Number of protein chains: 2
Amino acid sequence: MPDLSAANALRRPRGPRKRPAPRLATPAPDTGGTPAAEAPEVDTSYLQTLLGYNARRAALAVIAVFLRRMAPYDLRPVDFSVLSVVAYNPGVTSRQICATLDILPPNLVGMIKSLHKRGLILRKPHPTDRRAQGLHLSAAGQRLYREAQATATELEQGVAHGLNADEVQTLITLLRRVYQR
Amino acid sequence: MPDLSAANALRRPRGPRKRPAPRLATPAPDTGGTPAAEAPEVDTSYLQTLLGYNARRAALAVIAVFLRRMAPYDLRPVDFSVLSVVAYNPGVTSRQICATLDILPPNLVGMIKSLHKRGLILRKPHPTDRRAQGLHLSAAGQRLYREAQATATELEQGVAHGLNADEVQTLITLLRRVYQR
DNA sequence: TATTGTTATACTCTATAACTATA
DNA sequence: TATAGTTATAGAGTATAACAATA
């Protein structure tokens, strides 16, 4: 599975984007003689018609901004998502977080351990199931999450440069309809 | 950088999605007593307001479909993208592909090697720069790519379930404005 | 018999350094 | 001195199997 973490995008900022080229129904015939190197522009007009290509590029761009802005809190997107689920669902179990965020249980263990070690979350015995444990934000976790969420909300405005509030709302609505059943 | 490859999404299909909950400005206070386990619904209403969260989920959903449909051609999204760039830009160099698709040069080497080994692409000497080599699709590569592109185009219709052609076009336009400078 | 949390581990994807041949 | 392609390798991210404790 491809990685959407955008580390590359973060450390190697792109140059100016190419202007969209006219759509082609089929690839240009290979005349064999003229290398594309002479014209530095590379035609990606077909790829730009694909929802998956654009969704991935957009997700990577947003994640890159997210990584920069969340660096002061030392939170990756997945850490922020976990804290957010715990914040809004006090007492939630690891298993529920896995199902909600599509994380495999073995991969969540280390994140929970790390957040616990940083004093951000508490593990309390589950009242009815002694196998499970209820997760809660500590006071420090609540403070950190409150600031991080404010940053995330604020970040939304800047991410989509030309997009106004209505356009962002339309975009989010359409994205939800893509991944929801 | 997070991985957008959607392997998990592929092998562990999700259950039914939760209905959107009303937005909350701040997390619910932790009353400490009531575990979320009793109500299996987990509140993700705040995360669902974030462009990054929705873009990543949508990208993963599309990629999962892409992986399934491209399996007969043994092409990952990145392989398809590389073939597409070569198809529309015969004679393109590795370096240009890296800049266009945001792939690091060392990571492209293996892909090119693999596609070459499969007889899909040809490396020709670059006419003006003996360090570089121009990449071209072989006849077999052109046949395979033509079929793969048809599948990708066809796939677009089915990916966005309820979305009509206009809505998909709007979505793509908005996504482009997010990641383009 | 199934589930929660966990360990160990393998595999994939991405990143960095450094080399060679050429510009 | 810089760039194209490459090798080797390190580091994230994601995957599967299997276990003890509990349901």
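Within every chain, numbering begins at 1; the chains are lettered A, B, ... in the order of the sequence lines, protein sequences first and strands thereafter. Quick note: numbers below take in every heavy atom, side chains included, and nothing from hydrogens, waters or symmetry partners. None of these values were measured; they are calculated from a predicted model.
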Discussion item. Quick check on side chain to side chain contact (heavy atoms under 4.5 Å, CB included): which of L163(A), V159(A), V65(A) does L51(B) satisfy it with?
Written reply: V159(A)
Fill in: Shortest non-hydrogen contact from L174(A) toward E167(B)
CD1-O, 3.8 Å
Response to the item:
Whole-Å distance, L108(A) CG to dG5(C) P, equals 9 Å
Worksheet entry | Residue pair Y73(A) / T151(A), side-chain donor-acceptor N/O under 3.5 Å | yes
Fill in: d(CD1, I97(A); P, dT4(C)) in whole Å
13 Å
Worksheet item: Within this structure, what is the CZ-to-P distance between R130(B) and dT22(C), rounded to whole angstrom?
Response: 6 Å
Worksheet item: Under 3.5 Å, is there a donor-acceptor pair linking the side chains of Y88(B) and T44(A)?
Response: no
Worksheet item: Whole Å only: how far is the CG atom of L60(B) from the C1' atom of dC13(C)?
Response: 14 Å
Worksheet item: Between I63(A) (CD1) and dT14(C) (C1'), how many Å, whole number?
Response: 14 Å
Worksheet item: Which pairs count as salt bridge (charged side-chain N to carboxylate O under 4.0 Å, His left out) when at least one residue sits in residues 151-166 of chain B, sequence neighbours excluded?
Response: R69(B)-E154(B)
Discussion item. Closest-nucleotide mapping onto DNA chain C: is M111(B) or D129(A) further toward the 5' terminus? I mean the 5' end.
Written reply: D129(A)
Item to complete: Determine, for nucleotides 5-11 of chain D in 5'-to-3' order, which nucleotides have protein heavy atoms under 4.0 Å from the base (write B), from only the sugar-phosphate (write S), or from neither (write -).
Response: BBBB---
Worksheet item: Rounding to a whole Å, what distance do you find between D102(B):CG and dC13(C):C1'?
Response: 14 Å
Item to complete: Decide if the gap between the ring center of F80(A) and the ring center of Y145(A) is smaller than 6.0 angstrom.
Response: yes
Practice prompt. Rounded to the nearest angstrom, tell me the gap between atom CG in D79(B) and atom C1' in dT12(C).
Written response: 13 Å
Worksheet item: dT14(C) C1' sits how many Å from R76(A) CZ, rounded?
Response: 15 Å
